[in-house]
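Okay, so here's the structure we're looking at.
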Amino acid sequence: MVLAIAPVPGIDNHQMLVLLLQIGLLLGVATCLGRLAVRFGLPAVVGELTAGVLLGPSLLGNLAPGLSDWLLPRDPGQMHLLGAVAQFGVLLLVGITGAHIDLGLLVRRRRAIAWVSAGSVLLPLALGFGLGFVLPAAMMGNEGDRPTFALFMGVAIAVSALPVIAKTLLDMGLLHRNVGQIIIGSAAVSDIVGWLLLSVVAAMATFGLRMTVVAESVGYLLLVLAVAAFVARPLIRWILQSVERSAGRELSIAVIVVLIVLSAAGTHALGMEPILGAFLCGIVVGSLGNESRRSLDSMRTFVMAVLAPLFLATAGLQVDLSALRDPQVLLAGAVTLAVAIGAKFAGGYLGGRAGRLDRSESLAVGAGLNARGVVEIVLASVGLRIGVLTPASYSIVVLVAVVTSVMAPPILRRTTGRMAKTTAEIEREREFTAQPA
């Protein structure tokens with residue numbers, strides 16, 4: 001006797017209509033505001049994030065609550081559909097971010113980068129961790145105890161945003177200056193440390209602060225790094241070379257997307273953040289040479305123009321600026337912002353001086369590494385999702401991301417304006433501009 005299997009019910013018409021309207025509206029507004037931000041000399045991330053803030057509870061929810069409830073209902077099933085699309089976008093975004101990392105650069109400038117990385121990560125991490133014990137308990141999510149919340153705040157203050165920094169340096173003509181390369185290398189280390197520590201925070205939020213949990217998380221991290229270096233790299237190289245020889249770049253793009261998603265699934269299966277797997281996969285693909293990097297570049301336009309703005313706008317929906325009307329939240333936000341800016345700037349400057357950079361270069365390093373942008377927003381989204389942050393503390397962390405991204409370019413422009421180009425820097429820039437697109 002053959003048993004008939006009932007088909008899985010499909011998404012109903014209303015859910016599909018709302019989802020399509022959400023994607024269209026969020027992407028349209030995010031694109032327009034992103035272009036407007038660029039016209040005013042600001043990173044596009046500022047406008048894209050603002051789109052979600054305007055369409056969320058901060059503005060639309062107050063001005064037209066009926067429309068807001070229909071278009072952006074608090075129903076988990078409906079919002080999870082939009083969230084799933086945004087999460088797919090952020091995995092690809094983080095994978096592309098990982099491919100920006102030049103491992104050879106980290107080796108060549110290892111002394112200066114080591115000192116700058118240590119200063120710009122350890123000092124903000126320590127001060128952020130301490131800040132986590134001072135902030136009011138109302139800032140803590142339901143799933144996080146005080147040490148977990150404190151470690152998350154330390155990570156949030158310690159990270160930099162490699163994509164925002166890279167684009168800022170490129171737009172300002174600083175990417176191929178010595179100081180620009182040191183900033184990029186240090187930002188790469190900061191990103192790696194941030195994603196690794198985030199996986200520990202996620203494990204602590206799930207299982208609590210126990211030495212066995214921390215030791216297991218660290219062990220899994222070491223295992224993942226070893227697999228990425230000694231197993232995944234040669235395997236991915238063989239896969240991509242085989243695909244490129246037989247089918248060309250179009251299939252290579254699809255294969256890279258599959259690899260990023262499966263890598264994310266692998267770290268998630270071990271109890272770590274899927275973002276870590278996507279990030280490491282991007283590093284591996286980017287380290288395999290120009291052909292693999294060009295395949296990633298082929299999908300970068302779609303990711304950066306469509307999926308990334310949609311993710312940022314979706315992240316902005318969670319921001320409720322009305323929470324800042326509470327004096328306690330406003331004070332917490334001001335203190336967090338001051339600690340984040342001061343700690344990163346001081347850490348980068350002191351690290352630069354210890355690494356034998358001159359005063360102007362050290363000031364530029366401290367200014368450049370302060371931009372947190374997309375990485376901070378991704379961290380905040382994870383913190384809210386795993387229950388470490390509340391909507392109020394989430395809004396504070398996102399506020400730090402926006403303010404530091406806006407302030408970085410003018411300070412960089414001021415600190416590097418009088419730096420004379422060296423012969424090596426001019427030659428490096430010529431070699432880059434001479435390469436075919």
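In this chain, numbering begins with 1 at the start of the sequence shown.
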Is there a side-chain contact between [X] and [Y], using heavy atoms and a 4.5 Å cut-off?
X: Val402; Y: Glu376; value: no
X: Leu54; Y: Val29; value: no
X: His14; Y: Trp70; value: yes
X: Leu197; Y: Leu125; value: yes
X: Leu127; Y: Leu131; value: no
X: Ser395; Y: Leu324; value: no
X: Val329; Y: Met139; value: yes

Expected output: side-chain [X] to main-chain [Y] donor-acceptor under 3.5 Å:
X: Gln22; Y: Leu71; value: yes
X: Ser242; Y: Trp238; value: yes
X: Ser190; Y: Ser186; value: no
X: Asn370; Y: Ser405; value: no
X: Lys344; Y: Gly366; value: no
X: Ser263; Y: Cys281; value: no
X: His268; Y: Ala264; value: no
X: Ser393; Y: Thr390; value: yes
X: Arg372; Y: Ala340; value: yes

So which atom in [X] and which in [Y] form the shortest heavy-atom distance, rounded to 0.1 Å?
X: Met299; Y: Ile260; answer: CE-CD1, 4.0 Å
X: Val400; Y: Thr336; answer: CG2-CG2, 4.0 Å
X: Ser381; Y: Phe311; answer: OG-CZ, 4.0 Å

Item to check | side chain to side chain contact (heavy atoms under 4.5 Å, CB included) between Val46 and Phe40, worked out | outcome: CA-CA 11 Å; Val46 176; Phe40 282 96; over 6 Å; no

Checklist entry - In terms of heavy-atom contacts, does CG of Asp12 have more than 12 from other residues, nucleotides or ligands at under 6.0 Å? => result yes

Checklist entry - Between the side chains of Arg233 and Ser287, does any donor sit under 3.5 Å from an acceptor? => result yes

Checklist entry - Which distance, rounded to the nearest 0.5 Å, do you find between the CG of Leu369 and the OG1 of Thr404? => result 11.5 Å

